[in-house]
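Accompanying notes for the structure given below.
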Amino acid sequence: MKKVMLVFGTRPEAIKMCPLALEIKKSGTLKPVVCVTGQHREMLQQVLDIFHVEPEYNLEVMKPGQDLNDITSAVLLGMREIIKKEKPDAVLVHGDTTTAYASAVAAFYQQIPVGHVEAGLRTWNLYSPFPEEFNRQSISLLAQWHFAPTEVAKEHLLREGKSPETIYVTGNTGIDAMRYTVSPHFTHPILSWAEGSRMLLITAHRRENLGSPMHAMFRGIRRIVEAFEDVKAVYPVHLNPLVQQAAREELSGCDRIRLIEPLDAVSFHNLMARSYLILTDSGGIQEEAPSLKKPVLVMRDTTERPEGVEAGTLCLVGTDEQVIYEKCHELLCDQKVYQSMCDAVNPYGDGKASIRIRKAIENALKE
Ligand code: UD1
Ligand code: UDP
């Protein structure tokens with residue numbers, strides 16, 4: 001059996017890597033070793049519990065208010081020891097987090113082949129999203145196998161000179177995860193609270209939005225909720241203390257806005273499925289919402305998910321209070337515009353990305 005180490009550390013990586021870990025477990029020729037860095041703590045554990053994945057290793061690197069140097073150095077040093085001990089035949093990392101970047105570098109330093117899941121996303125702006133664009137470009141430089149979710153992502157990699165036989169277009173494993181989570185029978189107290197209203201679902205956490213952009217975003221949202229009596233908003237607030245503080249300052253004290261703890265993926269995906277509109281600066285939600293036919297206002301200046309914008313489900317609104325207010329207003333008042341965003345086709349895959357990745361690795365590691 002060939003040993004394949006899957007490394008992840010944050011909530012979104014876990015949501016997109018757990019289906020792959022479960023799929024590799026089914027292989028007759030590959031043995032998965034799951035290693036979490038613990039870049040996130042509670043938000044990571046929620047996902048591991050949902051998928052019943054028990055990591056062989058946990059570096060537990062998270063500390064409150066950690067900066068990029070803290071995470072990079074802790075992961076780099078921690079992964080050195082684990083890779084030395086386990087001697088995997090391949091290391092798989094996901095996307096663009098600092099966990100993914102530092103783990104890929106650690107594997108590269110010991111000349112272990114790296115497979116990059118969700119490869120080829122680009123904004124071409126190293127500061128937006130920050131530091132994710134740097135992380136994913138760096139991983140592409142050293143990875144041996146690039147698992148691109150879409151043809152657009154493949155194009156980016158070809159443009160950077162990657163050879164075609166190292167690129168596999170697989171779909172996004174996030175869509176695989178939704179096969180485990182979305183159910184018509186789901187109930188939740190927040191849904192009872194929101195019953196009879198149009199529910200806005202909000203998330204925000206990006207480093208480049210911390211501070212005044214985030215405050216402006218939240219003010220735009222508050223004004224919208226206050227302007228429409230039939231609108232309620234639910235915001236499971238990210239555990240970053242800076243995000244928590246901004247949310248409290250701008251959004252508390254309004255009885256049609258609920259600030260709640262981060263939701264587990266089952267609850268979050270099912271709330272998405274029942275929401276009217278999603279406002280977010282998240283990456284993963286931009287992929288999930290089109291498969292649920294839910295419009296998304298992306299509160300960022302750039303996106304590495306142009307497929308969703310092209311398909312019509314995503315609309316890039318930036319972080320300006322007035323722009324967010326006006327776009328929300330339009331979607332709440334103009335049924336035609338709203339419906340056209342709902343009707344778009346999901347460009348991110350058929351829920352079988354993990355199977356394609358498993359098969360590609362089986363082939364690549366065949367003697
Ligand atoms: C990280 C990733 C980002 C990804 C996001 C997903 C990097 C640089 N950033 O950003 O790409 O989009 O995760 O959410 O890799 N915290 C807790 N408990 C948790 C999680 C976070 O308390 O379970 C708090 C801690 O105070 C921590 C802070 O949140 O220091 C920030 O976490 P961090 O992983 O550094 O940044 P994110 O914004 O979560
Ligand atoms: N998510 C979740 N609970 C929440 C908010 C989001 O499970 O309360 C899920 C969401 O469905 C998506 C992922 O977390 O799969 C996105 O994570 P995040 O926005 O933290 O990171 P990003 O995708 O921006 O890297």
Side-chain angles (χ1 to χ4, degrees), residues 8-19 36-51 60-72 74-75 93-103 118 121 129-136 139 172-178 180-182 188 190 201-210 214 234-245 258-273 275 278-289 291-292 294 296 298-300 303-305 348:
F8 49 93
T10 65
R11 168 174 67 193
E13 293 169 277
I15 291 173
K16 292 165 166 180
M17 286 293 256
C18 283
V36 297
T37 64
Q39 178 176 336
H40 283 175
R41 188 184 296 142
E42 302 84 348
M43 287 161 58
L44 172 69
Q45 194 56 48
Q46 283 181 320
V47 186
L48 296 171
D49 292 344
I50 294 275
F51 287 94
E60 296 186 345
V61 305
M62 197 199 94
K63 35 184 201 179
Q66 60 200 358
D67 71 13
L68 300 175
N69 303 276
D70 295 323
I71 311 168
T72 308
V75 171
V93 300
H94 179 276
D96 53 22
T97 66
T98 297
T99 281
Y101 163 70
S103 306
E118 199 181 83
L121 277 63
F130 173 83
E132 289 83 359
E133 179 69 11
F134 165 79
N135 289 342
R136 58 190 170 223
I139 298 168
N172 197 303
T173 55
I175 307 298
D176 302 16
M178 297 183 85
Y180 293 82
T181 55
V182 179
H188 194 281
I190 213 80
L201 189 57
I202 301 157
T203 82
H205 71 82
R206 297 240 83 81
R207 264 182 166 72
E208 68 274 14
N209 284 345
L210 295 174
M214 196 166 279
V234 180
Y235 179 7
V237 188
H238 191 289
L239 294 178
N240 185 333
L242 295 172
V243 178
Q244 298 245 328
Q245 189 187 343
R258 280 278 175 94
L259 302 180
I260 59 174
E261 294 289 307
L263 290 163
D264 64 77
V266 170
S267 302
F268 190 79
H269 289 172
N270 282 287
L271 252 63
M272 275 174 81
S275 66
I278 298 160
L279 291 109
T280 189
D281 66 6
S282 160
I285 293 168
Q286 295 179 54
E287 292 146 359
E288 295 164 349
S291 82
L292 297 168
K294 294 295 171 183
V296 182
V298 182
M299 299 183 291
R300 295 171 49 177
T303 182
E304 58 292 275
R305 274 99 176 163
Y348 295 110

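One-based numbering, in listed order, for ligands and for the atoms of each.
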query: Within a reach of under 6.0 Å around CD of Q66, are more than 12 heavy atoms found that belong to other residues, nucleotides or ligands?
result: yes
Considering the heavy atoms of [X], write down every atom of ligand 2 situated less than 4.0 Å from one of them.
{"X": "S282", "value": "16 (C), 18 (P), 19 (O), 22 (P), 23 (O), 24 (O)"}
{"X": "H269", "value": "11 (O), 15 (O)"}
{"X": "I285", "value": "10 (C)"}

task: Select the closest option to atom 8 (O) of ligand 2 among D264, I260, L263, judged by heavy-atom distance.
output: L263
- line: Restricting to heavy atoms, the pick from A289, P236, G283 nearest atom 24 (O) of ligand 2 would be G283
- request: Decide whether an N or O pair under 3.5 Å exists between F268 and ligand 2.
  value: no
message: So for ligand 2, is T203 a polar contact partner (N or O within less than 3.5 Å, distance only)?
response: no
query: Within less than 4.0 angstrom of ligand 2, does G174 place any heavy atom?
result: no
task: Could you tell me if any non-hydrogen atom of R206 lies under 4.0 Å from any atom of ligand 2?
output: yes
Sub-4.0 Å heavy-atom environment of ligand 1, residues by chain: T10, P12, Q39, H40, R41, E42, M43, M62, K63, P64, G65, Q66, L68, I71, T97, T98, P131, E132, H205, R206, R207, H238, L239, N240, P241
- request: Would you tell me whether T37 and T99 have side-chain atoms, one donor and one acceptor, within less than 3.5 Å of each other?
  value: yes
